[in-house]
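All chains are named by letter (A, B, ...) in the order of the sequence lines, taking the proteins before the strands, and each is independently numbered beginning at 1. Scope of the values below: all heavy atoms of this structure, side chains included, with no hydrogens, waters or symmetry mates. Predicted model only: the values in this text are computed from it and were never measured.
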Protein chains: 2
Amino acid sequence: MSRGQDSADPKERPPRSTRVDKRRALLDGALLVFAEDGYTRASIDTIARRAGVSTRTIYNQFGDKAALFEAVIVDSARRTADEQIATVRRYLGKIVDIEDDLIEFGRVWASPAPEHAPHFALVRQIHADAGHIAETTLRAWQEVGPLRVRKEIAEHLSRIATAGHLTVTDADLAAVHLVQLIAGDITTRTYHGAIPLPVAELHRLSDAGVRAFLHGHISARH
Amino acid sequence: MSRGQDSADPKERPPRSTRVDKRRALLDGALLVFAEDGYTRASIDTIARRAGVSTRTIYNQFGDKAALFEAVIVDSARRTADEQIATVRRYLGKIVDIEDDLIEFGRVWASPAPEHAPHFALVRQIHADAGHIAETTLRAWQEVGPLRVRKEIAEHLSRIATAGHLTVTDADLAAVHLVQLIAGDITTRTYHGAIPLPVAELHRLSDAGVRAFLHGHISARH
DNA sequence: TCCAAGGTACAACGATCATTGCAGTAAGTA
DNA sequence: TACTTACTGCAATGATCGTTGTACCTTGGA
């Protein structure tokens, strides 16, 4: 999980071996296979073939299949969360018009981002397999991924609220509401990315989610 | 999927055999095992043992494992949807105060209902395994379960809207928003029912969801 | 009492799979 | 040049599993 000690020479250390490259290739290939097939169905041979690596290397690097799965979960969650946090900062950093800005944010957030589709399929696998995954792994995943993203969104919403644009009592909960309204229905309808869902429909759903987040559905308007 | 012809004698037909009982026991037992372990991990032997039935009976009744899985999906979806639709009718049939009534509905909707917990675990398995389930099965499941429930909620929301309590342009979408705000966060936090979540917290989340559904988060109040 | 339908126990087959050991190889380093 | 490190290919092992065939039992109805 964490590097024991930094053996960082002051001078540039030449790529001492392909060790790190193989590890990277394995994390990427295993993500694809685990995302498609799930933990049990995914075979070590398939993963090795997809990563361009021998099965023996998997065991040398990770120990066993469960450890590889856990490494993939944490790695993929961190990478995706990094991207999402960048998106949040880019679109919620400066608010001019709260509705326009949230709608633009929602459209980007709800966009497929095809290179991250495997990650979301993996998340579905985690949800389904939670009963067979170590507690520590689940916690590590939550902290490095979803919770980090939620915290980022919540902090932005709080700031926007103090600026007078929003009424937010529980920022974490508001963050959950926002992302669920924006993308909740989409993720259930774009099964494992197999059904792409046209962009226009995607924007319609996301826009409606943002408006619901802001105004609600009660008819006390005007 | 559908009974070919009704061989219904006019007089009470005595329980001709245990055939239907075994089928029922199998659907119930298989639901538990599939929900806990997922399709691939669940073994026929385990299912047979849990249902109090020989493995041979499974093959005689359903043909193979995949067919049993599909039968379980559709059966469980129908039963759960029936319950949910009854809840919708009971709590949204007559509206006195829109906020009070929705909050009461939300609390019931978000309640664990421990006897249906396996179904929701099964739904997570379906979401994860969608790529390995026949299109026809997925469609049948959607129609007999989630879509039926969504339609019921949407119709009630439309009626409530015409009565002047709500502003609803897309009733289906509004229905999705409502259930996601009420229970969206809960289902992700009560992993396979292992973490029960205290009732007070559950009500807090559900109430906040209902209020967000009605009023939104914008600070244009008063 | 006898029949037939449906259930059970049991053994077996073939396939898949995680995991390990071993022998060989390529490449960086002393 | 010799040593070390990490990767590869291959074979083997032990376990699990879906599926089938078979012989036997139970029970409700003719």
Side-chain angles (χ1 to χ4, degrees), chain A residues 3-4 7-9 11-30 33-34 36-72 125 129 132-134, chain B residues 3-5 7-30 33-34 36-72 125 129 132-134:
Chain A
R3 284 173 193 79
S7 59
D9 303 22
K11 50 184 177 176
E12 285 296 311
R13 187 180 38 182
R16 225 174 63 72
S17 73
T18 60
R19 180 137 222 254
V20 60
D21 304 329
K22 296 290 177 181
R23 190 182 183 86
R24 183 71 261 151
L26 262 170
L27 289 172
D28 292 342
V33 179
F34 280 135
E36 277 179 25
D37 291 346
Y39 177 78
T40 308
R41 217 188 305 252
S43 83
I44 293 285
D45 282 13
T46 306
I47 294 171
R49 212 175 313 124
R50 192 77 79 99
V53 152
S54 80
T55 66
R56 210 59 181 80
T57 300
I58 295 180
Y59 289 97
N60 288 339
Q61 291 249 9
F62 293 95
D64 62 1
K65 191 185 178 185
L68 171 62
F69 189 52
E70 298 179 3
V72 168
Q125 302 293 346
D129 250 7
H132 297 93
I133 302 176
Chain B
R3 286 175 192 79
Q5 68 272 12
S7 60
D9 303 22
K11 52 184 175 174
E12 285 296 312
R13 186 181 39 181
R16 223 176 64 72
S17 73
T18 60
R19 181 136 221 254
V20 61
D21 303 328
K22 296 290 176 181
R23 190 182 182 88
R24 183 73 261 149
L26 262 171
L27 289 172
D28 292 342
V33 180
F34 280 136
E36 275 178 27
D37 292 346
Y39 177 78
T40 308
R41 218 189 305 252
S43 84
I44 293 285
D45 280 15
T46 306
I47 294 170
R49 213 175 314 123
R50 191 78 78 99
V53 152
S54 79
T55 65
R56 209 60 180 79
T57 299
I58 295 180
Y59 290 97
N60 288 340
Q61 290 249 10
F62 294 95
D64 62 2
K65 192 185 179 185
L68 171 63
F69 188 52
E70 298 179 4
V72 168
Q125 302 293 347
D129 251 7
H132 296 93
I133 302 176

Inset, instruction - On the 0 to 90° scale, with breaks at 30° and 60°, tag the A:F69-A:F34 ring pair as parallel, tilted or perpendicular. - result: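 A:F69 and A:F34: perpendicular rings.
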Inset, instruction - List in chain and number order the residues that pass side-chain contact (heavy atoms from CB on, under 4.5 Å) with A:N60, two or more places apart in sequence or in another chain; answer none if no residue qualifies. - result: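 So A:N60 forms a side-chain contact (heavy atoms from CB on, under 4.5 Å) with A:R56.
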Legend entry - Partners meeting side-chain contact (heavy atoms from CB on, under 4.5 Å) with B:A134 (sequence neighbours left out):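 Residues passing side-chain contact (heavy atoms from CB on, under 4.5 Å) with B:A134: B:E70, B:T136, B:T137.
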Inset, instruction - For nucleotides 10-23 of chain D, just jot down a letter per nucleotide in 5' to 3' order: B, S or -, based on protein non-hydrogen atoms under 4.0 Å. - result: -------SSBBBB-
Legend entry - Identified side chain to side chain contact (heavy atoms under 4.5 Å, CB included) partner of A:R24 from the options A:L27, A:V20, A:D21, A:L26: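 Of A:L27, A:V20, A:D21, A:L26, side chain to side chain contact (heavy atoms under 4.5 Å, CB included) with A:R24 is met by A:L27 alone.
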Can you check the [X] [atom1] to [N] [atom2] distance for me, whole Å?
X: B:D21; N: D:dG28; atom1: CG; atom2: P; answer: 12 Å
X: A:F69; N: C:dA18; atom1: CZ; atom2: P; answer: 13 Å
X: B:N60; N: C:dA5; atom1: CG; atom2: P; answer: 13 Å
X: A:I58; N: D:dG9; atom1: CD1; atom2: C1'; answer: 14 Å
X: A:R23; N: D:dA6; atom1: CZ; atom2: P; answer: 13 Å
X: B:L26; N: C:dG7; atom1: CG; atom2: C1'; answer: 11 Å

Legend entry - Side chain to side chain, B:D28 and B:V72, heavy atoms closer than 4.5 Å: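 No; the side chains remain at least 4.5 Å from each other.
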Inset, instruction - Would you indicate whether the side-chain heavy atoms of A:Q125 and A:E36 approach each other to under 4.5 Å? - result: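 Counting from C-beta outward, A:E36 and A:Q125 never come under 4.5 Å.
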Inset, instruction - Would you indicate, yes or no, if C:dG7 has its OP1 or OP2 atom less than 4.0 angstrom from a side-chain nitrogen or oxygen of B:Q61? - result: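 For C:dG7, OP1/OP2 do have a side-chain N/O of B:Q61 under 4.0 Å.
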